[in-house]
Amino acid sequence: LSLALAVLLPTAGARRSQDLHCGACRALVDELEWEIAQVDPRKTIQMGSFRINPDGSQSVVEVPYARSEAHLTELLERVCEQMKDYGEKVEPSTHRKSYVRVVSHDGTRMDLSGVRIDGDVAASLKFACESIAEEYEDELLELLSHETENAKDRLCSKRT
């Protein structure tokens, strides 16, 4: 019996860790994409050098603020705080864990059947989110600086 437990426990822990990492990555990208979508598309920011060239001109370009490096960096610093709005859902047939938003952005009622909401889930998800945001910051900035299809799959399934 102890031999069977010794063999099975590490795989269960690895699956839990993989489920948590994957769920945190997907939640992180969802939150970033939602935040980007909330910015007025007409809002711009000046990028480039503010030095004056010998001919008297400046190399300043206006770019959309929503996907600018400045905005994305600001979002990455605070986005993992949103993990408190997520709960853990276990698929009964496979026992795989996924993480779902339990508080909607717009106030609509959410289906929370089978969702576990507690501080441990939120803390674990936040820690995993912060680890991903720190470790993959360059990839996140690169991917989100352009409107990319399947950003979640490209980052969470292929890179991380």
Side-chain angles (χ1 to χ4, degrees), residues 1-41 43 45 64-160:
L1 180 65
S2 62
L3 180 62
L5 282 175
V7 170
L8 292 177
L9 282 179
T11 58
R15 178 183 292 150
R16 182 193 187 297
S17 176
Q18 182 182 3
D19 290 349
L20 177 64
H21 187 81
C22 185
C25 182
R26 291 182 168 285
L28 170 65
V29 174
D30 280 344
E31 291 300 319
L32 289 169
E33 287 180 334
W34 186 85
E35 290 281 349
I36 290 167
Q38 299 312 300
V39 177
D40 182 355
K43 189 174 181 180
I45 186 171
Y65 177 71
R67 293 189 182 273
S68 69
E69 186 175 341
H71 183 236
L72 293 174
T73 302
E74 177 189 322
L75 289 178
L76 278 174
E77 290 176 8
R78 62 180 169 82
V79 73
C80 292
E81 296 296 324
Q82 301 305 316
M83 298 302 118
K84 71 183 182 319
D85 296 338
Y86 282 77
E88 182 179 78
K89 189 170 190 166
V90 178
E91 179 63 38
S93 60
T94 62
H95 300 289
R96 298 286 310 255
K97 295 178 180 175
S98 62
Y99 297 88
V100 295
R101 197 162 229 298
V102 296
V103 178
S104 70
H105 289 293
D106 61 2
T108 58
R109 193 159 178 80
M110 307 281 290
D111 176 22
L112 301 178
S113 58
V115 177
R116 187 178 122 207
I117 306 167
D118 68 26
D120 291 341
V121 169
S124 297
L125 202 56
K126 181 180 176 193
F127 180 76
C129 175
E130 289 169 345
S131 299
I132 293 166
E134 185 177 325
E135 187 174 343
Y136 296 99
E137 180 177 1
D138 293 339
E139 285 90 345
L140 281 161
L141 291 175
E142 169 69 26
L143 197 62
L144 295 170
S145 64
H146 312 288
E147 244 180 284
T148 308
E149 284 189 35
N150 302 325
K152 199 180 338 180
D153 289 335
R154 289 181 64 187
L155 181 74
C156 300
S157 298
K158 294 187 172 125
R159 290 203 182 165
T160 65

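Along the sequence shown, residues carry numbers from 1. Just so you know, these numbers come straight off a predicted model, no measurement behind them.
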Which distance, rounded to the nearest 0.5 Å, do you find between the [atom1] of [X] and the [atom2] of [Y]?
{"X": "Lys89", "Y": "Asp111", "atom1": "NZ", "atom2": "CG", "result": "5.5 Å"}
{"X": "Leu75", "Y": "Gln38", "atom1": "CG", "atom2": "CD", "result": "11.0 Å"}
{"X": "Ser68", "Y": "Leu141", "atom1": "OG", "atom2": "CG", "result": "10.0 Å"}
{"X": "Ser124", "Y": "Tyr86", "atom1": "OG", "atom2": "OH", "result": "15.5 Å"}

Exercise for the section: Tell me, with the steps shown, if Arg67 and Ile36 meet side chain to side chain contact (heavy atoms under 4.5 Å, CB included). Expected result: CA-CA 7 Å; Arg67 293 189 182 273; Ile36 290 167; 3.8 Å; yes
Exercise for the section: Quick one: list whatever passes disulfide (SG to SG under 2.5 Å) with Cys22, sequence neighbours left out. Expected result: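 Disulfide (SG to SG under 2.5 Å) list for Cys22, sorted by chain: empty.
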Could you pull out the closest heavy-atom pair between [X] and [Y], with the gap in Å?
{"X": "Ser104", "Y": "Arg101", "answer": "C-NH1, 4.2 Å"}
{"X": "Gly87", "Y": "Val102", "answer": "N-CG1, 3.6 Å"}
{"X": "Leu76", "Y": "Ala133", "answer": "CD2-CB, 4.1 Å"}
{"X": "Asp153", "Y": "Arg26", "answer": "OD1-NH2, 3.0 Å"}
{"X": "Glu33", "Y": "Ala151", "answer": "OE2-CB, 3.4 Å"}
{"X": "Ile132", "Y": "Ala24", "answer": "CD1-CB, 4.0 Å"}

By salt bridge (charged side-chain N to carboxylate O under 4.0 Å, His left out), which residues pair with [X], not counting sequence neighbours?
{"X": "Glu74", "value": "Arg78"}
{"X": "Asp138", "value": "none"}
{"X": "Lys152", "value": "Asp30"}

Problem - Intermediate values then yes/no, disulfide (SG to SG under 2.5 Å), Cys80 and Cys129 - result: CA-CA 6 Å; Cys80 292; Cys129 175; 2.1 Å; yes
Problem - Heavy-atom check, side chain of Glu31 versus side chain of Met83, under 4.5 Å - result: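 They are in contact (side-chain heavy atoms under 4.5 Å apart), so the answer is yes.
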Practice task
Answer yes or no: is there an ion pair linking Arg116 with Glu88, defined by an N-O contact shorter than 4.0 Å?
Solution key: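 So Arg116 pairs with Glu88 through a salt bridge.
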Practice task
Could you list all the ring pair (Phe, Tyr, Trp, His ring centres under 6.0 Å) pairs where at least one residue sits in residues 105-134, not counting sequence neighbours?
Solution key: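 Found Trp34-His105.
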Problem - Within 6.0 angstrom of Glu149 CD, more than 12 heavy atoms from elsewhere - result: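 For Glu149, atom CD is not crowded (no more than 12 foreign heavy atoms under 6.0 Å).
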Practice task
Count the heavy atoms belonging to other residues, nucleotides or ligands that lie under 6.0 Å from CD of Glu91, then report whether that count exceeds 12.
Solution key: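 Yes.
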Problem - Main-chain N/O of Glu142 paired with Ser145 side-chain donor or acceptor, under 3.5 Å - result: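 Yes, because the side chain of Ser145 sits within donor-acceptor range (under 3.5 Å) of the backbone of Glu142.
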Exercise for the section: Check the pair Leu20 / Tyr99 against side chain to side chain contact (heavy atoms under 4.5 Å, CB included), numbers first and verdict last. Expected result: CA-CA 8 Å; Leu20 177 64; Tyr99 297 88; 3.6 Å; yes
Exercise for the section: For Glu81 and Lys126, run side chain to side chain contact (heavy atoms under 4.5 Å, CB included): C-alpha distance rounded to whole Å, both residues' side-chain angles, the deciding distance at 0.1 Å, then the answer. Expected result: CA-CA 7 Å; Glu81 296 296 324; Lys126 181 180 176 193; 3.2 Å; yes
Handout entry: Partner residues of Asp85 under the side-chain hydrogen bond (donor to acceptor under 3.5 Å, both in side chains) criterion, sequence neighbours left out
Key =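 side-chain hydrogen bond (donor to acceptor under 3.5 Å, both in side chains) list for Asp85, sorted by chain: empty.
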Exercise for the section: Could you give me the CA-CA distance, side-chain angles and deciding distance for Leu140 and Leu72, then say whether side chain to side chain contact (heavy atoms under 4.5 Å, CB included) is met? Expected result: CA-CA 9 Å; Leu140 281 161; Leu72 293 174; over 6 Å; no
